[in-house]
**Q** 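So that we are looking at the same thing, I have put the structure below in structure tokens.
Remember, it's a predicted structure, so these values are computed and weren't measured experimentally.
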Amino acid sequence: MNETRSTCPYCGVGCGVIIESEGDRITGVRGDPAHPASFGRLCTKGSTLHLTLTPQAMANRLLHPELRTARTEPRQRVTWDRALDHAAERFASVIAEHGPDSVAFYVSGQLLTEDYYVFNKLAKGLIGTNNIDTNSRLCMSSAVAGYKATLGADAPPCAYADVDHADCLLIAGSNTAWAHPVLFRRIEEARLARPQMKMIVVDPRRTDTAEAADLHLAILPGTDIALYNAMLHVLLWEDLVDRDYIQAHTEGFEALRTVVREYTPAMAADICGVKADDIVTAARWFGESPAALSLYCQGLNQSTHGTDNNAAIIHLHLATGKIGKPGCGPFSLTGQANAMGGREVGGLAHLLPAHRDMANPAHRAEVARLWGVTDVPAKPGLTAVDLFEAMHRGEIKALWVACTSPAQSLPDLTRVHEALAACPFVVVQEVDPDTDTAAFADLLLPAAGWGEKEGTVTNSERCISRVRAAVPPPGEARADWKIAADFARRLESRLKSRRSQYGEQTLFPYANAEQVFDEHRASTLGRDLDIGGLSYDLLESAGPQQWPLPAGATCGTPRLYGDGVFQTASGRARFVSVEHRATAEKVDARYPLHLNSGRLRDQWHGMSRTGVVPRLYAHTPEPAIEMHPRDMERRGVGEGDLVQVKSRRGALLLRAVASNTLRPAQSFIPMHWGGRFMRGRGVNVLTSPATDPVSRQPELKHAAVQIEKFATDWQVVALRRDAHGSLREALHPWLARFDYATLTLAGRETGVVVLRAWGAAGTPPPTAELLAELSAALELDTPATLIFNDTRRHIAKRALIEDDRLVGALLCNETRATDWLLDLIARGGSTRDLRKWLFAPLAAPPASAPVRGRIVCNCFDVSENELTADFASGLDLAAVQAKHNCGTSCGSCLPELRRMSTGQTL
């Protein structure tokens, strides 16, 4: 067995992993105890990374380039030369006819820094367009803008170690327990070690993170600025500000003080929907604590005033001087593994490499000299939402998408799908040929994935880590930077007019990822993120390092601004006068409910990676909308009923589940479920394309919706064990054949495909012919299949037993047995005592073990029903953990375990 050190590709914590491999297969992963971001810990997603690369998980992996020359034709396998020559010809002809701004690139915070660098140079240097943006626009651009507006540069000033030193921790707009679980474990340990630490959580929902807080401020959506202005008001009123620090190191305070004078706790309480006394308490804890640290994420960023949200929370640190010191500072948590690396190389439409300013002619000239091109365009490129709007208008003629799926993740998906369909030439660079965006690809290129490529990433605390390949890419897949560089070399011969003094020498001479990194490093010299002292060799010998690390330095820099000097023209931090503004979309009589969106504990983004691991569905098995019980009661909606959710842009069918984590008139839909897993395009068919005027980040965190019960007359459930891993994608076309349907996985070692479908009230039940076709698709049409038909009541059932194990079942119009049949298939239990009951209308099996129910601890496969029984028997949390080991590995289930041990529900 071989071992390779690398990093986890999920959230911005940047956990270290040790990859175990044999030959060309990754066989296991474990946390790297030497990595400073995680010290050996992994979450449920990270600890199952090897399961995303099993033969079953890779059954549908993209292995070869595919091309179609007409939209009416299917794509065909082609060689790399044919694929990239065709792409170069199409891009060159579009540029020649319509100009460089008629093409665009849309890339990802999942790319490595070296990948990002080559794409950025390709667009801004070779082609001469700033039309390159990234899915980081959807999660981090308001944090970038907030840092620049106040501190002068996109440089998070903190380190994870600050958690250990904080006396007050303010978590805003982040369910850290689920979105950054390894960091949350560190928070829990710090609180145990320092019981005096106060934790404040600001979130409209009572999440697992909020449940753990000393004070939860459940503000109304979009009211962050009012809260932080009121906190600053209290800090001023009670003389908890550091006037010496303000005088010596900041500017603009007097104007802001005039603004916040009006934001009394009483005024803010009315706006935010929280108690005035709680606002005062939060301000006092923050102001009186020797060290105060804030952690924040999408709840602040995904707003039409996200930049000002960020500025408002940063103001608290500047006003109290709690920045640049242990345990202090405003700490933006990145949502993706390398969103920071993309920002460092300038991989957004308004950025240049190494934090250079696109509006600065000297900065543009510096980049042009570095790249060997005549100039870098001054006009900012089209940002994510604006890019697809321009495409919808016909202004973008060729688009290259890499490592992301805008057809699922952008807001107002109806228009996004229309835009992609209208674009004359679309290239998609992916590992998965079945993403929602891949369906629009004229050219589909196979990329190397996690564990298969070399490079670097930068996490939330500016820590750069090496990413190493443990195995070669499968088939003909290539590293992302190699694909971009090969295409660029083919394109540059057709775009000679932009070449500078280098004549026929290529602008993309890289033989390996290290050469790309070295050029990126050269771009940072003398800049605030100077990494002139960093190299692959240093990362190999000394491990991950925080920037800046200039030449001559022996180690990186944990904290910034300790000297009180900031990256502004004056060297002073800036206070910005920010005022409360409502959400872009108001609730009204027609759309009376607030809709929020966010992450699940065990899934990631569009689920192209986590969605192939059956056990990661165990905690949340299917798409659903969470509603307050009172809102469900008013609408006559029961638990699990279908509802239709409508916004001003689109509609979606989902099952409803009751949740006390929400206020009345609020609802929540996870962001992960898209068209691969349900009929419908997911939550973003409902969300608004309105953006922050500075960051251009869309307000994905809020939409106004109406919710009504969707009456149904019948249901079909199909369950099939899938040893090969290809059945779910094969069944995908069935989603469109029902009024509503979901297609998910269950099980642990071997996956079970789960298809659930509903028919609207008044529609006839499935015909015998349709059920026969579905049975054939499930391979339940064999002579060994058990069959039950009740034509009068339109009930039909099928079951297939192999070697005394139930491997498949189909239920139509009578589905009470779904849960225990699925459990039986998933665990491979004997049917000896259950065979005669397989078609009975029973919600629980008459014999054998009870249905296990939802899985709480994914690491050790411990179910909710087992835990409930143990706690009911009198066992305390320690005893339950000793019995099952639950909560002793990644710890993601600990908040839920604690809640269950005290009999609480959410």
Side-chain angles (χ1 to χ4, degrees), residues 137-138 142 204-205 220-223 298-299 301-306 383-393 406-422 436 580-598 623-628 631-632 634-635 637 642-656 662-675 678-693 695-710 739-740 760:
R137 178 72 59 184
L138 309 182
S142 290
R205 297 191 300 140
L220 293 170
T223 62
Q298 309 313 338
N301 297 340
Q302 291 178 335
S303 164
T304 49
H305 40 82
T383 58
V385 172
D386 297 327
L387 169 60
F388 283 82
E389 275 299 306
M391 196 183 311
H392 198 279
R393 296 192 299 267
Q408 181 180 347
S409 60
L410 283 170
D412 196 5
L413 281 180
T414 299
R415 285 187 69 80
V416 172
H417 282 233
E418 292 169 354
L420 285 164
D436 290 357
H580 163 70
R581 299 193 303 279
T583 54
E585 195 163 72
K586 314 292 191 299
V587 293
D588 57 22
R590 187 177 179 192
Y591 299 99
L593 301 179
H594 300 275
L595 173 66
N596 192 356
S597 65
I625 181 170
E626 295 180 17
M627 299 176 63
H628 191 276
D631 293 322
M632 293 175 66
R634 287 173 176 169
R635 290 161 176 79
V637 175
L642 274 184
V643 295
Q644 184 174 61
V645 190
K646 286 184 179 179
S647 76
R648 293 175 174 89
R649 289 155 297 281
L652 192 65
L653 292 178
L654 288 165
R655 296 181 82 181
L662 301 161
R663 290 173 181 247
Q666 295 187 8
S667 58
F668 175 81
I669 299 175
M671 61 183 276
H672 312 286
W673 306 107
M678 60 188 294
R679 173 154 191 184
R681 292 169 178 161
V683 66
N684 285 326
V685 78
L686 305 169
T687 52
S688 167
T691 61
D692 180 294
S695 71
R696 308 305 294 173
Q697 182 163 352
E699 192 163 85
L700 292 170
K701 278 292 182 184
H702 183 262
V705 297
Q706 59 173 258
I707 301 175
E708 297 176 348
K709 183 174 181 178
F710 185 84
D739 292 304
Y740 179 65

**Q** Check whether any side-chain heavy atom of Ser303 lies under 4.5 Å from a side-chain heavy atom of Thr583, and answer yes or no.
**A**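 No. Closest side-chain heavy atoms not under 4.5 Å.
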
**Q** Give the minimum heavy-atom separation between Pro592 and Ala589, together with the two atoms involved.
**A** CD-O, 4.0 Å

**Q** I want to check something: taking the side chain as every heavy atom from C-beta on, are Met678 and Leu652 in contact at a cut-off of under 4.5 Å?
**A** yes

**Q** Let me know which of Leu653, Val645, Val643 forms a side chain to side chain contact (heavy atoms under 4.5 Å, CB included) with Phe710.
**A** Leu653

**Q** Take Gln706 and Arg635, measure what side-chain contact (heavy atoms from CB on, under 4.5 Å) needs, and give me the verdict at the end.
**A** CA-CA 11 Å; Gln706 59 173 258; Arg635 290 161 176 79; over 6 Å; no

**Q** Determine the minimum heavy-atom distance between Ala419 and Phe388, stating which atoms define it.
**A**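 Looking at all heavy atoms of both residues, the closest pair is CB-O, 3.4 Å.
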
**Q** Can you tell if the side chain of Val705 reaches within under 4.5 Å of the side chain of Ser667, non-hydrogen atoms only?
**A** yes

**Q** So how far is it from Ile669 CD1 to Leu654 CG, rounded to the nearest 0.5 Å?
**A**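 One finds 5.0 Å between CD1 of Ile669 and CG of Leu654.
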
**Q** Any donor-acceptor pair under 3.5 Å linking the side chain of Lys709 with the backbone of Leu642?
**A** no

**Q** Is it true that, when you exclude Arg590 itself, more than 12 heavy atoms of the residues, nucleotides or ligands shown sit nearer than 6.0 Å to its CZ?
**A** no

**Q** Quick one: closest heavy-atom pair of Val685 and Ala651, and the distance?
**A** CG1-O, 3.7 Å

**Q** Does the side chain of Thr223 come within less than 4.5 Å of His580's, by heavy atoms?
**A**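 Heavy-atom side-chain distance check passes, below 4.5 Å.
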
**Q** Any Lys/Arg nitrogen of Arg137 or Asp386 sitting under 4.0 Å from an Asp/Glu carboxylate oxygen of the other?
**A** no

**Q** Is there side-chain contact between Val416 and Met391, with at least one heavy-atom pair below 4.5 Å?
**A**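 No - every pair of side-chain heavy atoms lies 4.5 Å or more apart.
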
**Q** Could you tell me whether the side chain of Asp739 and the main chain of Ala760 form a donor-acceptor pair under 3.5 Å?
**A** yes

**Q** Look up atom CG in Leu686 and atom CZ in Arg681, then write down how far apart they are to the nearest 0.5 Å.
**A** 11.5 Å

**Q** Looking only at non-hydrogen atoms, find the nearest pair between Ala407 and Leu420 and report the distance.
**A**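 That closest heavy-atom pairing would be CB-CD1, 3.9 Å.
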
**Q** Just by distance, no angles: are the side chains of Ser688 and Glu699 close enough, under 3.5 Å, to form a donor-acceptor pair?
**A** no

**Q** Is Asn596 close to Lys701 at the side-chain level, that is, under 4.5 Å between some pair of heavy atoms?
**A** yes

**Q** Between the main-chain N or O of Gln408 and the side-chain N or O of Asn684, is there a donor-acceptor pair closer than 3.5 Å?
**A**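 Yes; at least one donor-acceptor contact below 3.5 Å.
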
**Q** Give me the atom names and distance for the closest heavy-atom approach of Thr304 to Ala584.
**A**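 So the two residues come closest at CG2-CB, 3.6 Å.
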
**Q** Looking only at heavy atoms, what is the nearest atom pair of Pro689 and Val385, with distance?
**A**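 Minimum heavy-atom contact is O-CG1, 3.7 Å.
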
**Q** Heavy atoms, side chains only, cut-off 4.5 Å: are Asp436 and Leu413 in contact?
**A**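 Asp436 vs Leu413: side chains apart.
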
**Q** What's the spacing between Arg648 CZ and Asp412 CG if we round to 0.5 Å?
**A**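 The CG atom of Asp412 is 13.0 Å from CZ of Arg648, to the nearest 0.5 Å.
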
**Q** Quick one: pull up CG in Leu662 and CG in Leu593 and give me the separation to the nearest 0.5 Å.
**A** 10.5 Å

**Q** Say you draw a straight line from CE of Met632 to CD of Glu626; how long is it, rounded to the nearest 0.5 Å?
**A**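 Those atoms lie 10.5 Å apart.
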
**Q** Among side-chain atoms of His392 and Arg415, is any donor-acceptor pair under 3.5 angstrom?
**A** yes

**Q** Going by side chain to side chain donor-acceptor pair (under 3.5 Å), His594 matches just one of His702, Glu585, Lys586, Gln666. Which one?
**A** His702

**Q** Which distance, rounded to the nearest 0.5 Å, do you find between the CD of Gln697 and the CD of Gln298?
**A** 6.5 Å

**Q** The test is side-chain contact (heavy atoms from CB on, under 4.5 Å); show your working for Leu595 and Val683 and say whether it passes.
**A** CA-CA 9 Å; Leu595 173 66; Val683 66; 4.1 Å; yes

**Q** Are any side-chain N or O atoms of Thr691 and backbone N or O atoms of Arg696, one a donor and one an acceptor, separated by less than 3.5 Å?
**A** no

